Amino acid sequence: MKQVVQSIGDGSLRVVEVPAPSHGAAEVLVSTTRSLLSTGTERAVRELASASLLEKARARPDLVRQVVKKARAEGIRQTVRSVRTRLDEDMPLGYSAAGVVLEVGESVEGLSTGMRVATASAGHAEMQVVPGLLAIPIPDNVSDESAAFGAVAAIALQGLRQANVEPGGSVCVVGLGLVGQLVTRLALAAGYDVIGVDLRDWTTDMVTLEGGFGLVERGESTTATIIDRTRGRGVDAVLVTASTRSSDPVMLACDRVRDRGVIVVVGDVGVELSRTPFYMKEIDLRFARSYGPGRYERTYEEYGVDYPIGHVRWTEGRNIEAYLDLVSRGKLRVADLVTHTFDIEAADKAYATIAQESWALAVQF
């Protein structure tokens with residue numbers, strides 16, 4: 001089967017032929033029909049892999065500390081050998097897709113062969129092995145094109161849940177790329193007053209067309225408009241979905257959120273922050289972790305042990321399920337976000353598009 005991979009060492013991209021994967025007891029084998037490039041995340045991964053070793057070290061000081069710790073424990077020679085081996089490896093790309101179930105592990109419940117499912121944590125490949133709890137049945141009236149947004153939409157939904165805004169409340173979404181657009185549409189579907197802020201006018205226009213209030217970022221004048229729209233109070237929550245090394249989006253959010261409001265960091269932004277604005281308003285700063293509860297937990301993702309709904313209402317799997325339900329009921333549309341579609345053999349063109357085309361939002365294989 002074909003799979004999209006990139007070299008960890010130099011960032012080179014390839015479509016390779018690999019053996020069909022085999023699934024475990026808590027997994028399902030899925031034939032992929034559509035997969036979605038997460039433009040922000042995958043662009044960042046590509047840029048980091050293509051960087052020099054020194055640039056990689058500067059970008060990921062946490063990994064440098066791990067290498068130093070390993071060198072102290074195992075010696076420099078063994079550590080260098082391990083690092084070189086790691087850099088020579090290929091890394092699969094992609095994590096949000098849709099497909100048809102081919103085989104089901106013996107401990108997986110609720111799935112059967114032939115079912116269409118939205119999947120998370122697999123890659124851009126003709127076949128995927130997916131944790132049973134992250135293969136979510138697709139309603140009959142939802143297309144594979146829309147279902148492939150499932151995992152990325154769950155990230156947006158988890159960020160919105162972290163904001164914990166009550167009915168009738170207001171949110172400001174800063175950064176209107178793919179995840180930002182999904183956050184605004186989910187917030188509108190929930191009935192919130194939604195303000196979308198971005199550096200580009202066409203992305204803010206999309207928010208306005210969907211029923212929100214789009215604003216091009218102009219610093220203090222944008223803040224003044226937000227304060228005026230919220231009767232001088234500020235929004236209940238700001239969700240930062242931008243991607244930048246600057247801490248400005250978070251610091252600006254302090255001026256735009258109400259007293260004792262919430263700022264949720266969803267995107268990859270700088271967090272070199274000044275204490276005073278947070279203290280004076282007693283702002284609650286939160287970080288959203290990927291698709292939701294269960295993410296990075298081996299018992300959930302590898303062993304298929306679900307959290308009881310009475311204890312954890314919205315797991316990562318149930319977040320994907322909620323997204324699919326909203327699309328099925330006509331409360332949310334995403335098909336218009338798809339700007340480019342490629343065959344998997346044209347992976348190089350797809351990644352060149354998200355790197356070079358400023359208007360590329362949702363790109364799919």
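Predicted model, so just to flag it, every value in this text is computed and none were measured.
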A.B. asks: Let me see the working for Asp144 and Thr33 under side chain to side chain donor-acceptor pair (under 3.5 Å), right down to the final yes or no.
C.D. replies: CA-CA 7 Å; Asp144 290 351; Thr33 54; 3.0 Å; yes

A.B. asks: Would you please say whether a donor-acceptor pair under 3.5 Å links the side chains of Asp198 and Thr203?
C.D. replies: yes

A.B. asks: If you link I, L, V, M, F, W and Y whenever their side-chain heavy atoms are under 4.5 Å apart, who else ends up in the same group as Val312?
C.D. replies: Val28, Val30, Val101, Val104, Val108, Leu111, Met115, Val117, Val130, Leu133, Leu134, Tyr300, Tyr307

A.B. asks: Taking the side chain as everything from C-beta on, heavy atoms only, tell me whether Val235 gets closer than 4.5 Å to Val165.
C.D. replies: no

A.B. asks: Closer than 3.5 angstrom, by distance alone: can the side chain of Thr244 be matched with the main-chain N or O of Gly270 as a donor-acceptor pair?
C.D. replies: no

A.B. asks: Give a yes or no on this: more than 12 heavy atoms of other residues, nucleotides or ligands lie within 6.0 Å of atom CD of Glu166.
C.D. replies: no

A.B. asks: When you measure from the side chain of Thr208 to the backbone of Gly214, do you find a donor-acceptor pair of N or O atoms at a distance under 3.5 Å?
C.D. replies: yes

A.B. asks: If you define the side chain from C-beta out and look only at heavy atoms, does anything of Arg313 sit under 4.5 Å from Pro293?
C.D. replies: no

A.B. asks: Could you go through Thr222 and Arg256, starting from their C-alpha distance and side-chain angles, then the distance that decides it, and tell me whether this counts as side-chain contact (heavy atoms from CB on, under 4.5 Å)?
C.D. replies: CA-CA 9 Å; Thr222 301; Arg256 298 168 178 179; 3.7 Å; yes

A.B. asks: Counting N and O atoms only, with roles assigned by atom type, does the side chain of Arg286 sit under 3.5 Å from a partner on the main chain of Gln162, one being a donor and the other an acceptor?
C.D. replies: yes

A.B. asks: Tell me whether Arg229 forms a cation-pi arrangement with Phe213, defined as NZ or CZ under 6.0 Å from the six-membered ring centre and within 45 degrees of its axis.
C.D. replies: yes

A.B. asks: Please list, one pair per line, the donor and acceptor atoms closer than 3.5 Å that link side chains of residues 167-178 to other protein atoms, with sequence neighbours excluded.
C.D. replies:
from   : atom 1 : to     : atom 2 : distance (Å)
Ser170 : OG     : Asp236 : N      : 3.3

A.B. asks: For Val142, does its backbone N or O pair with a side-chain atom of Ser328 as donor and acceptor, under 3.5 Å?
C.D. replies: no

A.B. asks: Within this structure, what is the CD1-CH2 distance for the pair Ile309 and Trp314, rounded to the nearest 0.5 Å?
C.D. replies: 7.5 Å

A.B. asks: Could you tell me whether the side chain of Leu157 reaches within less than 4.5 Å of the side chain of Arg161, counting heavy atoms only?
C.D. replies: yes

A.B. asks: For Ser247 and Glu272, which I'm curious about, is there any donor-acceptor pair between the side chains at under 3.5 Å?
C.D. replies: no

A.B. asks: Are side-chain heavy atoms of Gln364 and Phe149 found at a separation under 4.5 Å?
C.D. replies: yes

A.B. asks: Taking a hydrophobic cluster as the set of Ile, Leu, Val, Met, Phe, Trp and Tyr residues connected by side-chain heavy atoms closer than 4.5 Å, whether directly or through intermediates, do Val262 and Val179 fall within one such cluster?
C.D. replies: yes

A.B. asks: Between Ser35 (side chain only) and His124 (backbone N and O only), is there a donor and an acceptor less than 3.5 Å apart?
C.D. replies: no

A.B. asks: Atom CG of residue position Asp140 - does it have more than 12 heavy atoms of other residues, nucleotides or ligands inside 6.0 Å?
C.D. replies: no

A.B. asks: Check whether any side-chain heavy atom of Lys281 lies under 4.5 Å from a side-chain heavy atom of Cys254, and answer yes or no.
C.D. replies: no

A.B. asks: Which residue in the set Trp359, Phe365, Tyr351 passes ring-ring contact (aromatic ring centres under 6.0 Å, His included) when paired with His340?
C.D. replies: Trp359

A.B. asks: Looking at side-chain heavy atoms only, is the closest gap between Met1 and Val18 below 4.5 Å?
C.D. replies: yes

A.B. asks: Taking the side chain from Arg185 and the backbone from Arg333, do they hold a donor-acceptor pair closer than 3.5 Å?
C.D. replies: yes

A.B. asks: Do side-chain atoms of Gln181 reach the backbone of Val183 as a donor and acceptor pair under 3.5 angstrom?
C.D. replies: no

A.B. asks: Taking the side chain as everything from C-beta on, heavy atoms only, tell me whether Tyr95 gets closer than 4.5 Å to Ile155.
C.D. replies: yes

A.B. asks: Tell me whether Glu126 contacts the main-chain N or O of Lys2 through its side chain, where contact means a donor paired with an acceptor under 3.5 Å.
C.D. replies: yes

A.B. asks: Give a yes or no on whether Val327 and Ile138 share a hydrophobic cluster (residues Ile, Leu, Val, Met, Phe, Trp, Tyr; joining criterion: side-chain heavy atoms under 4.5 Å apart).
C.D. replies: yes

A.B. asks: Less than 4.5 Å apart, any side-chain heavy atom of Arg295 and any of Ser121?
C.D. replies: yes

A.B. asks: Under 3.5 Å, side chain of Ser96 to main-chain N/O of Ala151, donor-acceptor pair present?
C.D. replies: yes

A.B. asks: Testing Val271, Ile263, Val197, Val266 for side-chain contact (heavy atoms from CB on, under 4.5 Å) with Val240, which one passes?
C.D. replies: Ile263

